[in-house]
Protein chains: 2
Amino acid sequence: MLKIGKLTDYGVVVLNELAQAGAVKLSTDDIAGLTGLALPTVRKVMKALVDSGLVMAQRGARGGYRLARAPGQIRMLDIVQAFEGPVALTECAADDHQCDITASCSLSANWGGINQLMTQVLARVTLQDIRNPERQERLVRDAVPLTTLIELVNIS
Amino acid sequence: MLKIGKLTDYGVVVLNELAQAGAVKLSTDDIAGLTGLALPTVRKVMKALVDSGLVMAQRGARGGYRLARAPGQIRMLDIVQAFEGPVALTECAADDHQCDITASCSLSANWGGINQLMTQVLARVTLQDIRNPERQERLVRDAVPLTTLIELVNIS
DNA sequence: TTAAAGCATACCAATACGGTATTGATTAAT
DNA sequence: ATTAATCAATACCGTATTGGTATGCTTTAA
């Protein structure tokens, strides 16, 4: 299925609400109410977002969360990495490539290439893009020309 | 981690050996020996490859496996789908988008866009590309310019 | 007829993941 | 200074997925 975790998905939903709120700080309760997520789940999501530096937290009474940067400066890659760690399609592509298989690990470097492509796709789409229906339509519409462009780069 | 399953990785390794063998049929034992994979694991891998039509099987004595198409005609997307099913980063992006969350599911369509980009990246890289070190180097080297190209397409 | 091969099914263990609860630390307001 | 609101940290548990393994059956060339 090549899927990301649900928490990552939740993260995007939460960030969307925070972007909507702008300068107004949202409490855990607010976020739970707005998104429909369970409170403990929201806590877990917020921890990851704060740890990764995408969200600022203010403790104490009248505290809450707000975006650490403008939506246009928050890349999908940042979000994915906040929840899933570094993008590594295969074990081999990870930092410590420990291949059990003797022979065919010459392929590992190639996975690295695909990894980079994936990473860069995620790096070029921001939270702002995903919130804007117009930008999204462009993204889908231009998906086909993209193949032509990749062809120009002589990948295949 | 955004990773694919190990079986998918094994699949690539096996396909690489089959490409190497060319017209010569390889038995399950041969493949296990060449790749270092356990025999039952090889069986599982071969089932997926045969079911997906990427590999032809001949039963009986002197049987074995061979590629159903030329390596240049086997896309990474085909391989991934053979093991992982359709590419769907989120539940929402799947065919039956059943969102538990009430509000923010306007985002689902956007995930679809990213999905398409991912899919197309996988569709443009073939087994032949991944086997050729030279092509692979080009892929990695040109990864940076790619961002510029995507920019031209006005994604962000 | 036989032996070499692929086919199908079922099973088990480990891990990862999502979800939940509990307790502690901080801070603004009064 | 006290209080209440709010975030922080940790720990736990059930389930689902995944990887790995075993076993018996079917096909087919020699």
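All chains are named by letter (A, B, ...) in the order of the sequence lines, taking the proteins before the strands, and each is independently numbered beginning at 1. Being a predicted model, the structure only gives us computed values, none of them experimental.
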Rounded to whole Å, CG of B/L39 lies from C1' of C/dC7 at a distance of 14 Å

In whole angstroms, how far is the C1' atom of C/dA8 from the CZ atom of B/R59? 10 Å

Side-chain atoms of A/Y65 come closest, of C/dA21, D/dC7, C/dG6, to D/dC7

State whether the number of non-hydrogen atoms from other residues, nucleotides or ligands found under 6.0 Å of B/R69 atom CZ is greater than 12. yes

Between B/E84 and B/T8, a side-chain donor and acceptor under 3.5 Å: yes

First locate atom CG of B/L37, then atom CG of B/L7, and finally report the distance between them rounded to the nearest 0.5 Å. 9.5 Å

To the closest 0.5 Å, what do you measure between CG (B/L15) and CD1 (B/I74)? 5.5 Å

What is the distance, rounded to the nearest whole Å, between atom CG of B/L49 and atom P of C/dC7? 11 Å

When rounded to whole Å, the CG to C1' distance for the pair B/L37 and D/dG19 reads 12 Å

Short side-chain N/O contact to C/dG6 OP1/OP2 from B/T28, under 4.0 Å: yes

Of the options D/dA8, C/dG18, C/dT20, whose atoms approach the side-chain atoms of A/P40 most closely? C/dT20

Give the rounded distance in Å between these two atoms: CD1 of A/I4 and C1' of C/dA16. 16 Å

Rounded to whole Å, the CE-P distance (A/M56 to D/dA8) equals 11 Å

Between B/Q58 and D/dA29, is there a side-chain N or O to OP1/OP2 distance below 4.0 Å? yes

Residue whose nearest DNA chain C nucleotide is more 5′ - B/D29 or A/T41: B/D29

Rounding to a whole Å, what distance do you find between A/D9:CG and C/dG18:P? 10 Å

In this structure, how many angstroms lie between the P atom of D/dA5 and the NZ atom of A/K25, rounded? 17 Å

Same cluster or not: B/V50 versus B/V45, using hydrophobic residues (I, L, V, M, F, W, Y) connected whenever any side-chain heavy atoms lie under 4.5 Å apart? yes

State which of D/dG20, D/dA8, C/dG19 makes the closest approach to the side chain of A/K6. C/dG19

Checking only heavy atoms, does the side chain of B/K44 share a donor-acceptor pair with the base of D/dG20 at less than 3.5 Å? yes

Proximal nucleotide (of D/dT21, C/dG19, D/dT10) relative to the A/Y10 side chain: C/dG19

By nearest heavy atom, map A/M46 and A/A61 onto DNA chain D; which one lands nearer the 5' end? A/A61

Touch check for B/L26, heavy atoms < 4.0 angstrom, all strands: base, sugar-phosphate only, or nothing? sugar-phosphate

Among C/dA21, C/dT27, C/dC7, the one nearest B/R43 by side-chain distance: C/dC7

Would you indicate what A/L7 reaches in the nucleic acid, counting non-hydrogen atoms under 4.0 angstrom: base, sugar-phosphate, or nothing? sugar-phosphate

To the nearest 0.5 Å, how far apart are CG in A/L127 and CG in A/L54? 9.5 Å

Counting just side-chain N and O atoms, does A/R62 come under 4.0 Å of either OP1 or OP2 of C/dA29? yes

